[in-house]
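Every chain is numbered from 1 and lettered A, B, ... according to where its sequence line falls, protein lines coming before strand lines.
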There are 2 protein chains.
Amino acid sequence: MDEARGLDAVVDGVFVALADPTRRKLLDLLAAQGEVTATTLADGLPVSRQAVVKHLTVLDAAGLVSGRRAGREVRYAVRPAALDATARWMATLAADWDRRLANVKRIAEATERDTP
Amino acid sequence: MDEARGLDAVVDGVFVALADPTRRKLLDLLAAQGEVTATTLADGLPVSRQAVVKHLTVLDAAGLVSGRRAGREVRYAVRPAALDATARWMATLAADWDRRLANVKRIAEATERDTP
DNA sequence: ATCAGGTGCAACTCCAGAGTTGCACATGGC
DNA sequence: GCCATGTGCAACTCTGGAGTTGCACCTGAT
């Protein structure tokens, strides 16, 4: 098991991770190439390998990627679970807002009708 | 109309907006209270009104909230559309990753079988 | 044994943005 | 007209994070 934190913590990590454009580009590359090393990823980006490693650490903490050693190199790959969980969380939230907005609108109209 | 930008720009704005905990708290309060002023919102948070106003500007740019004047005050409310769009975008992306991972795994196993 | 390519660690610079304070401007109520 | 309340604008501080550089440490290959 790897998730002892609450859903809120997961969601928070994902948002922070996805807020950076370099990290999103990194996820694009990883999704396209499968299992790649940090050095290879740095070749396709305008930043140093160290910067890539730091980003991968953030993405790993967010549960969006994971790396495994293979000899002298570490291959990283994408993990859809956290992204999917956050997507569902957001969809639920959006639906909740819709519901509340409908309520507020209804009440406002009723009040408006009483005091024109 | 209010959306002349691409979907990527919308998604980017939403991620940046949601990455900040104070802004998420702000959205919570807005969703709970319906239409509120910046001053009222600041009362329920450990930050100044000016900070709240800045956050509301970011949230507005992301399409997550909108404010309308009512006399001498500006009432803000939540807008589910951008959140929902981003949620769908993420869900699609997660599904895409799943698909790619299945492919990569299949190819890797085939290669492994050829060169044991 | 030696070399090359990859990783890990640490110290450093730099700037965007989160937050503050202070004041000027508008608007509704009295 | 006067006051209270809310908004808008500008300048300022300060911390976190993105990025860099330099070097030491492994590991696979020859």
Side-chain angles (χ1 to χ4, degrees), chain A residues 9 11-30 33-77 111-112 115-116, chain B residues 9 11-30 33-77 111-112 115-116:
Chain A
V11 166
D12 179 271
V14 171
F15 283 149
V16 170
L18 293 181
D20 185 87
T22 302
R23 280 196 285 268
R24 288 202 300 274
K25 180 63 181 171
L26 225 34
L27 290 174
D28 275 351
L29 292 174
L30 277 174
Q33 306 182 18
E35 266 195 330
V36 205
T37 69
T39 303
T40 304
L41 286 169
D43 287 341
L45 286 174
V47 297
S48 70
R49 175 185 61 91
Q50 300 297 339
V52 170
V53 170
K54 283 190 187 179
H55 284 309
L56 287 172
T57 303
V58 175
L59 290 169
D60 182 41
L64 290 169
V65 308
S66 73
R68 40 175 281 268
R69 270 214 106 89
R72 70 178 157 189
E73 56 189 22
V74 180
R75 309 234 182 89
Y76 290 89
T111 307
E112 194 93 2
T115 65
Chain B
V11 166
D12 179 90
V14 171
F15 283 149
V16 170
L18 293 181
D20 186 89
T22 302
R23 280 196 285 269
R24 287 202 300 274
K25 180 63 181 172
L26 225 33
L27 289 174
D28 275 351
L29 292 175
L30 277 174
Q33 306 182 18
E35 266 195 329
V36 204
T37 70
T39 303
T40 304
L41 286 168
D43 287 340
L45 286 174
V47 297
S48 70
R49 174 185 61 92
Q50 301 296 341
V52 170
V53 171
K54 284 190 186 180
H55 283 309
L56 287 173
T57 303
V58 175
L59 290 170
D60 182 41
L64 290 169
V65 308
S66 73
R68 40 176 280 269
R69 271 215 104 90
R72 70 178 159 188
E73 56 189 23
V74 180
R75 309 232 181 90
Y76 290 89
T111 306
E112 195 92 4
T115 65

- Taking for each residue the nucleotide of DNA chain D bearing the nearest heavy atom, is the 5' side occupied by A/G71 or by A/P46?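 Taking each residue's closest nucleotide, the earlier one in sequence belongs to A/P46.
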Closest to the [X] side chain: [options]?
| X | options | value |
| --- | --- | --- |
| B/T37 | C/dG22, D/dT7, C/dA18 | D/dT7 |
| A/V47 | C/dA18, D/dT20, D/dA18 | D/dT20 |
| A/T39 | C/dT21, D/dT7, C/dT7 | C/dT7 |
| A/A51 | D/dT20, C/dG8, D/dG6 | D/dT20 |
| A/R72 | C/dG19, C/dG5, D/dA18 | C/dG5 |
| B/R23 | D/dA18, C/dA18, D/dT7 | C/dA18 |

Interatomic distance, A/R24 atom CZ to A/L18 atom CG [nearest 0.5 angstrom]: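 Nearest 0.5 Å value for the CZ-CG distance: 7.0 Å.
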Query - Pairwise distance OG1(B/T37) to CD(B/E73) - rounded to 0.5 angstrom - result: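 Going from OG1 on B/T37 over to CD on B/E73, the span is 5.5 Å.
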Is [X] near enough to [N] that one of its side-chain N or O atoms lies under 4.0 angstrom from OP1 or OP2?
| X | N | result |
| --- | --- | --- |
| A/S48 | D/dT20 | yes |
| A/H55 | D/dG17 | no |
| B/T22 | C/dG19 | yes |

Return the value, rounded to whole Å, for the distance between atom [atom1] of [X] and atom [atom2] of [N].
| X | N | atom1 | atom2 | result |
| --- | --- | --- | --- | --- |
| A/K25 | D/dA18 | NZ | P | 18 Å |
| B/Y76 | D/dT7 | OH | P | 8 Å |
| A/D43 | C/dT7 | CG | P | 10 Å |
| B/E73 | D/dG8 | CD | C1' | 15 Å |
| B/L45 | C/dG19 | CG | P | 9 Å |

Hey, does A/R75 reach any base, or is it just sugar-phosphate, or nothing, if we go heavy atoms under 4.0 Å?
->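 If one applies the 4.0 Å heavy-atom cut-off, A/R75 turns out to touch nothing in the nucleic acid.
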Assign B/R69 to base, sugar-phosphate, or nothing according to its heavy-atom contacts below 4.0 angstrom with the strands shown.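 Sugar-phosphate: the residue B/R69, judged by heavy atoms under 4.0 Å, touches backbone atoms but no base.
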So if I apply the side-chain contact (heavy atoms from CB on, under 4.5 Å) rule between A/L26 and each of A/D20, A/L64, A/L41, which one comes out positive?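 Single pass found, and it is A/L41.
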Tested for side-chain contact (heavy atoms from CB on, under 4.5 Å) against A/V52, the lone hit among A/L45, A/L29, A/T22 is A/L45
| query | Any sub-3.5 Å donor-acceptor pair from B/R75's side-chain atoms to B/E35's backbone N or O? | reply | no
Per the atom types in the model, does the base of [N] pair as donor or acceptor with the side chain of [X] at under 3.5 Å?
| X | N | answer |
| --- | --- | --- |
| A/Q50 | C/dG8 | yes |
| A/R49 | C/dG8 | yes |
| B/K54 | C/dG19 | yes |

